[in-house]
Amino acid sequence: MQEQEIIALINSRGAFISENAKANAELIAYVDCETNELFETSAKIEWEVSDRLSLNNIKRFKIYHLKVKDLGENTFLLIDILKKDVNNTLLENTLKECEQNASVTVEEPNLGKFVLDKTTKSLHSKLKWLSEKEEIDVYLNIDEDNRINTLKKVGAFFITLEKVFKDKKDWDKKLKTYAAEHLADLATELRKNSKSLFKFLKVWKWYFIGKMKLVSLAVETDGEIVATFDDRKLFLGHKIIVRANVDSNEVSSATVENFNIEDYKKIEVSVSETEIKEDNKEE
(Lines give C-alpha, C1' and ligand atoms only; values in the text may rest on other atoms or scores of the structure.)
Protein backbone atom coordinates (compact mmCIF):
# COMPACT_ATOMS: atom_id res chain seq x y z
CA MET A 1 0.00 0.00 0.00
CA GLN A 2 1.65 3.18 -1.23
CA GLU A 3 1.21 6.44 0.60
CA GLN A 4 -0.45 9.31 -1.23
CA GLU A 5 -1.68 12.80 -0.51
CA ILE A 6 -5.25 14.00 -0.94
CA ILE A 7 -7.24 17.13 -0.22
CA ALA A 8 -10.41 15.90 1.50
CA LEU A 9 -13.80 17.54 2.22
CA ILE A 10 -15.46 15.95 5.26
CA ASN A 11 -19.22 15.34 5.20
CA SER A 12 -21.88 16.51 7.66
CA ARG A 13 -21.33 13.69 10.17
CA GLY A 14 -17.71 14.55 10.96
CA ALA A 15 -15.54 12.03 12.80
CA PHE A 16 -17.07 9.09 14.68
CA ILE A 17 -16.15 5.69 16.15
CA SER A 18 -17.23 2.75 13.97
CA GLU A 19 -18.13 -0.80 14.98
CA ASN A 20 -14.49 -1.94 14.64
CA ALA A 21 -13.51 0.66 17.31
CA LYS A 22 -11.60 2.74 14.77
CA ALA A 23 -12.18 6.40 14.09
CA ASN A 24 -13.94 7.14 10.81
CA ALA A 25 -14.88 10.14 8.72
CA GLU A 26 -16.81 10.08 5.46
CA LEU A 27 -15.93 12.37 2.57
CA ILE A 28 -18.11 14.45 0.29
CA ALA A 29 -15.27 14.58 -2.23
CA TYR A 30 -11.48 14.64 -2.48
CA VAL A 31 -8.75 15.84 -4.82
CA ASP A 32 -5.76 13.67 -5.73
CA CYS A 33 -2.75 15.93 -5.09
CA GLU A 34 -0.66 14.24 -7.80
CA THR A 35 -3.17 14.57 -10.64
CA ASN A 36 -5.38 17.38 -9.24
CA GLU A 37 -8.37 15.22 -10.22
CA LEU A 38 -11.62 15.73 -8.29
CA PHE A 39 -13.46 12.63 -7.02
CA GLU A 40 -17.02 13.23 -5.83
CA THR A 41 -17.50 10.03 -3.90
CA SER A 42 -18.63 8.68 -0.54
CA ALA A 43 -15.12 7.48 0.30
CA LYS A 44 -14.05 7.33 3.93
CA ILE A 45 -10.89 7.63 6.00
CA GLU A 46 -10.18 5.57 9.11
CA TRP A 47 -7.48 5.65 11.79
CA GLU A 48 -6.53 4.46 15.24
CA VAL A 49 -7.34 7.09 17.85
CA SER A 50 -4.21 8.46 19.54
CA ASP A 51 -2.92 11.65 21.14
CA ARG A 52 -1.71 12.71 17.70
CA LEU A 53 -4.86 11.76 15.77
CA SER A 54 -8.04 12.16 17.82
CA LEU A 55 -11.69 12.57 16.84
CA ASN A 56 -11.41 16.30 17.42
CA ASN A 57 -8.81 16.65 14.66
CA ILE A 58 -11.41 16.08 11.94
CA LYS A 59 -14.44 18.40 11.73
CA ARG A 60 -17.48 18.29 9.47
CA PHE A 61 -17.55 20.47 6.34
CA LYS A 62 -13.82 21.21 6.73
CA ILE A 63 -11.12 20.72 4.07
CA TYR A 64 -7.87 18.91 5.02
CA HIS A 65 -4.58 18.06 3.32
CA LEU A 66 -4.03 14.42 4.32
CA LYS A 67 -1.39 11.72 3.93
CA VAL A 68 -3.19 8.40 3.47
CA LYS A 69 -2.88 4.82 2.24
CA ASP A 70 -5.47 3.38 -0.15
CA LEU A 71 -7.02 0.29 1.51
CA GLY A 72 -9.35 -0.40 -1.41
CA GLU A 73 -13.15 -0.43 -1.42
CA ASN A 74 -13.21 3.39 -1.29
CA THR A 75 -11.41 3.47 2.08
CA PHE A 76 -8.23 5.30 3.08
CA LEU A 77 -6.04 4.76 6.13
CA LEU A 78 -5.17 8.14 7.63
CA ILE A 79 -1.43 8.51 8.23
CA ASP A 80 -1.15 12.20 9.01
CA ILE A 81 -2.94 15.54 8.78
CA LEU A 82 -0.58 17.76 6.82
CA LYS A 83 -2.71 20.92 6.89
CA LYS A 84 -6.10 22.05 8.19
CA ASP A 85 -8.58 24.54 6.69
CA VAL A 86 -7.14 24.24 3.21
CA ASN A 87 -8.29 26.59 0.46
CA ASN A 88 -9.24 24.52 -2.58
CA THR A 89 -11.52 25.96 -5.26
CA LEU A 90 -12.76 22.59 -6.51
CA LEU A 91 -13.85 21.42 -3.06
CA GLU A 92 -15.16 24.82 -1.99
CA ASN A 93 -17.46 24.85 -5.05
CA THR A 94 -18.55 21.29 -4.24
CA LEU A 95 -19.39 22.34 -0.68
CA LYS A 96 -21.47 25.29 -1.93
CA GLU A 97 -23.45 22.99 -4.21
CA CYS A 98 -24.07 20.60 -1.32
CA GLU A 99 -25.31 23.43 0.91
CA GLN A 100 -27.67 24.66 -1.82
CA ASN A 101 -29.13 21.22 -2.46
CA ALA A 102 -29.22 19.88 1.10
CA SER A 103 -32.39 20.20 3.14
CA VAL A 104 -32.11 22.15 6.39
CA THR A 105 -34.12 20.96 9.38
CA VAL A 106 -34.35 22.79 12.71
CA GLU A 107 -35.98 21.15 15.71
CA GLU A 108 -37.41 22.88 18.78
CA PRO A 109 -38.27 20.51 21.66
CA ASN A 110 -41.65 22.08 22.46
CA LEU A 111 -42.72 22.81 18.89
CA GLY A 112 -41.25 20.10 16.66
CA LYS A 113 -39.35 20.04 13.37
CA PHE A 114 -39.20 22.87 10.85
CA VAL A 115 -37.85 22.51 7.31
CA LEU A 116 -36.22 25.42 5.49
CA ASP A 117 -37.83 26.39 2.19
CA LYS A 118 -34.93 28.04 0.37
CA THR A 119 -37.20 29.57 -2.23
CA THR A 120 -39.33 31.53 0.24
CA LYS A 121 -36.49 31.78 2.82
CA SER A 122 -38.76 30.54 5.59
CA LEU A 123 -38.99 27.57 7.94
CA HIS A 124 -42.18 25.55 7.65
CA SER A 125 -44.02 23.04 9.82
CA LYS A 126 -47.55 21.76 10.44
CA LEU A 127 -48.69 22.10 14.07
CA LYS A 128 -51.85 21.30 16.02
CA TRP A 129 -53.93 24.35 16.86
CA LEU A 130 -57.02 24.18 19.11
CA SER A 131 -57.58 20.44 18.74
CA GLU A 132 -55.83 17.31 17.49
CA LYS A 133 -57.90 17.47 14.31
CA GLU A 134 -57.11 21.12 13.64
CA GLU A 135 -53.70 21.43 11.99
CA ILE A 136 -52.26 24.67 10.63
CA ASP A 137 -49.27 25.65 8.52
CA VAL A 138 -46.67 27.59 10.49
CA TYR A 139 -43.99 29.69 8.80
CA LEU A 140 -40.98 31.39 10.35
CA ASN A 141 -40.04 34.13 7.88
CA ILE A 142 -36.34 34.31 8.69
CA ASP A 143 -35.28 35.60 5.24
CA GLU A 144 -32.31 33.19 5.07
CA ASP A 145 -31.54 30.31 2.70
CA ASN A 146 -28.63 28.54 4.44
CA ARG A 147 -28.19 26.56 7.63
CA ILE A 148 -25.62 28.74 9.41
CA ASN A 149 -27.55 32.02 9.18
CA THR A 150 -30.83 30.21 9.87
CA LEU A 151 -29.51 28.83 13.16
CA LYS A 152 -28.25 32.29 14.15
CA LYS A 153 -31.65 33.94 13.69
CA VAL A 154 -34.22 31.25 14.45
CA GLY A 155 -34.14 31.61 18.26
CA ALA A 156 -36.08 34.89 18.35
CA PHE A 157 -38.74 33.46 16.02
CA PHE A 158 -39.21 30.40 18.25
CA ILE A 159 -39.65 32.67 21.29
CA THR A 160 -42.47 34.54 19.51
CA LEU A 161 -44.12 31.31 18.37
CA GLU A 162 -43.95 29.77 21.86
CA LYS A 163 -45.73 32.83 23.29
CA VAL A 164 -48.57 32.38 20.80
CA PHE A 165 -48.94 28.64 21.39
CA LYS A 166 -48.79 29.06 25.16
CA ASP A 167 -51.98 31.16 24.97
CA LYS A 168 -53.35 29.93 21.65
CA LYS A 169 -57.00 29.92 22.76
CA ASP A 170 -56.75 33.56 23.80
CA TRP A 171 -54.94 34.48 20.58
CA ASP A 172 -57.48 32.63 18.44
CA LYS A 173 -60.32 34.52 20.12
CA LYS A 174 -58.51 37.86 20.00
CA LEU A 175 -57.65 37.61 16.30
CA LYS A 176 -61.14 36.50 15.29
CA THR A 177 -62.88 39.13 17.44
CA TYR A 178 -60.77 41.93 15.96
CA ALA A 179 -61.50 40.72 12.43
CA ALA A 180 -65.24 40.50 13.15
CA GLU A 181 -65.32 44.00 14.60
CA HIS A 182 -63.61 45.47 11.53
CA LEU A 183 -64.95 43.29 8.70
CA ALA A 184 -68.48 42.12 9.62
CA ASP A 185 -70.04 45.23 8.09
CA LEU A 186 -68.12 44.59 4.88
CA ALA A 187 -69.48 41.02 4.81
CA THR A 188 -72.99 42.43 5.30
CA GLU A 189 -72.50 44.82 2.39
CA LEU A 190 -71.34 41.95 0.19
CA ARG A 191 -74.39 39.89 1.17
CA LYS A 192 -76.67 42.73 0.05
CA ASN A 193 -75.26 42.30 -3.46
CA SER A 194 -75.97 38.55 -3.53
CA LYS A 195 -78.95 36.53 -4.71
CA SER A 196 -79.22 34.86 -1.32
CA LEU A 197 -82.62 34.71 0.39
CA PHE A 198 -80.84 36.34 3.35
CA LYS A 199 -79.41 39.29 1.40
CA PHE A 200 -81.20 41.73 3.74
CA LEU A 201 -79.96 40.08 6.96
CA LYS A 202 -77.00 41.52 8.84
CA VAL A 203 -73.83 39.42 9.29
CA TRP A 204 -73.53 39.43 13.07
CA LYS A 205 -70.11 39.36 14.75
CA TRP A 206 -70.80 36.04 16.49
CA TYR A 207 -71.68 34.50 13.12
CA PHE A 208 -68.56 36.01 11.51
CA ILE A 209 -66.32 34.60 14.29
CA GLY A 210 -67.92 31.16 13.96
CA LYS A 211 -67.18 31.10 10.26
CA MET A 212 -63.46 31.94 10.55
CA LYS A 213 -60.99 29.04 10.52
CA LEU A 214 -57.24 29.54 11.01
CA VAL A 215 -55.22 27.90 8.22
CA SER A 216 -51.74 29.39 8.65
CA LEU A 217 -49.61 31.46 10.99
CA ALA A 218 -46.49 33.33 9.90
CA VAL A 219 -43.94 34.66 12.40
CA GLU A 220 -41.95 37.71 11.33
CA THR A 221 -39.29 39.87 12.99
CA ASP A 222 -39.81 41.88 16.18
CA GLY A 223 -42.70 39.77 17.47
CA GLU A 224 -44.96 40.33 14.45
CA ILE A 225 -47.35 37.56 13.38
CA VAL A 226 -49.65 37.20 10.38
CA ALA A 227 -52.67 34.91 10.76
CA THR A 228 -54.49 33.70 7.65
CA PHE A 229 -58.10 32.51 8.03
CA ASP A 230 -60.34 30.58 5.68
CA ASP A 231 -63.37 32.87 5.22
CA ARG A 232 -65.71 29.89 4.60
CA LYS A 233 -67.58 31.93 1.96
CA LEU A 234 -67.98 35.10 3.99
CA PHE A 235 -66.04 36.81 1.19
CA LEU A 236 -66.56 34.23 -1.55
CA GLY A 237 -63.28 32.43 -0.89
CA HIS A 238 -61.00 35.40 -0.23
CA LYS A 239 -58.75 34.76 2.78
CA ILE A 240 -58.95 36.94 5.91
CA ILE A 241 -55.54 38.28 6.98
CA VAL A 242 -54.99 39.48 10.56
CA ARG A 243 -51.73 41.05 11.75
CA ALA A 244 -50.66 41.37 15.39
CA ASN A 245 -47.62 41.86 17.61
CA VAL A 246 -47.01 39.28 20.32
CA ASP A 247 -44.61 41.45 22.31
CA SER A 248 -47.10 44.31 22.64
CA ASN A 249 -50.05 41.89 22.78
CA GLU A 250 -51.96 43.97 20.23
CA VAL A 251 -53.78 43.25 16.98
CA SER A 252 -53.00 45.88 14.37
CA SER A 253 -55.04 45.13 11.24
CA ALA A 254 -57.57 42.86 9.55
CA THR A 255 -58.02 42.77 5.79
CA VAL A 256 -59.58 40.57 3.11
CA GLU A 257 -56.98 39.29 0.65
CA ASN A 258 -57.34 40.62 -2.92
CA PHE A 259 -60.89 41.83 -2.22
CA ASN A 260 -62.59 45.03 -3.36
CA ILE A 261 -66.28 45.47 -2.55
CA GLU A 262 -66.69 47.72 -5.61
CA ASP A 263 -66.07 44.70 -7.85
CA TYR A 264 -69.18 43.06 -6.42
CA LYS A 265 -71.47 46.08 -6.60
CA LYS A 266 -71.48 45.97 -10.39
CA ILE A 267 -73.10 42.54 -10.67
CA GLU A 268 -75.23 40.34 -8.45
CA VAL A 269 -73.20 37.63 -6.77
CA SER A 270 -74.61 34.13 -7.16
CA VAL A 271 -74.77 32.19 -3.91
CA SER A 272 -75.07 28.41 -4.06
CA GLU A 273 -78.00 26.47 -2.65
CA THR A 274 -75.58 24.86 -0.21
CA GLU A 275 -74.59 28.23 1.17
CA ILE A 276 -78.24 29.28 1.56
CA LYS A 277 -78.98 26.12 3.54
CA GLU A 278 -75.90 26.69 5.65
CA ASP A 279 -76.92 30.28 6.40
CA ASN A 280 -80.42 29.12 7.31
CA LYS A 281 -79.02 26.49 9.64
CA GLU A 282 -76.58 28.80 11.42
CA GLU A 283 -78.78 31.85 11.69
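Keep in mind that the numbers below use all heavy atoms, side chains included, and drop hydrogens, waters and symmetry copies.
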Evaluation steps, side-chain contact (heavy atoms from CB on, under 4.5 Å), between Ile81 and Arg52: CA-CA 9 Å; Ile81 300 173; Arg52 188 172 63 87; over 6 Å; no
Residue pair Thr188 / Asp185, side-chain donor-acceptor N/O under 3.5 Å: no
Lys22 side chain vs Glu46 backbone, donor-acceptor pair below 3.5 Å: no
Cationic N near anionic O, under 4.0 Å, Lys239 to Asp230: no
Main-chain N/O of Glu224 paired with Asp222 side-chain donor or acceptor, under 3.5 Å: no
Under 3.5 Å donor-acceptor, Asp80 side chain and Leu82 backbone: no
Min side-chain heavy-atom separation Asn249-Trp171 under 4.5 Å: yes
Val251 side chain reached by Arg243 side chain, heavy atoms, under 4.5 Å: no
Flag if over 12 foreign heavy atoms under 6.0 Å of NZ, Lys173: no
Within-4.5 Å side-chain heavy-atom neighbours: Lys211 and Val203: no
Glu34 CD: over 12 foreign heavy atoms closer than 6.0 Å: no
Closest non-hydrogen atom pair, Leu214 against Ile136: O-CG2, 3.4 Å
Nearest atoms (heavy-atom pairs only) where Trp47 meets Ala15: CH2-CB, 4.0 Å
Side-chain donor/acceptor of Ser125 to backbone N/O of Lys113, under 3.5 Å: yes
Residue Lys128 excluded, over 12 heavy atoms near NZ under 6.0 Å: yes
Shortest non-hydrogen contact between Ala179 and Ala254, atoms and distance: CA-CB, 3.8 Å
Distance-minimising heavy-atom pair for Ala29 and Glu40: CB-CA, 3.8 Å
From CA spacing to verdict: side-chain contact (heavy atoms from CB on, under 4.5 Å), Lys169, Leu130: CA-CA 7 Å; Lys169 287 185 179 180; Leu130 298 184; 4.0 Å; yes
Test log, rule side-chain contact (heavy atoms from CB on, under 4.5 Å), inputs Leu95 and Ile63: CA-CA 10 Å; Leu95 180 57; Ile63 300 175; 5.6 Å; no
Of all pairs that satisfy ring-ring contact (aromatic ring centres under 6.0 Å, His included), the ones with a partner from residues 73-95, not counting sequence neighbours: Tyr30-Phe76
pair Asp231-Val256: side-chain heavy atoms closer than 4.5 Å: no
Heavy-atom side-chain proximity of Asn141 to Lys121 below 4.5 angstrom: no
Expected output: side-chain His238 to main-chain Glu257 donor-acceptor under 3.5 Å: yes
Validation row: Glu108, Val106 side chains within 4.5 angstrom (heavy atoms): no
Test item: Tyr139 and Thr120 side chains (from C-beta on) under 4.5 Å apart, heavy atoms: no
SB check Lys174 Asp170 (cutoff 4.0 Å): no
Heavy-atom side-chain contact between Lys202 and Tyr207 under 4.5 Å: no
Donor-acceptor under 3.5 Å (Lys168 side chain, Trp129 main chain): yes
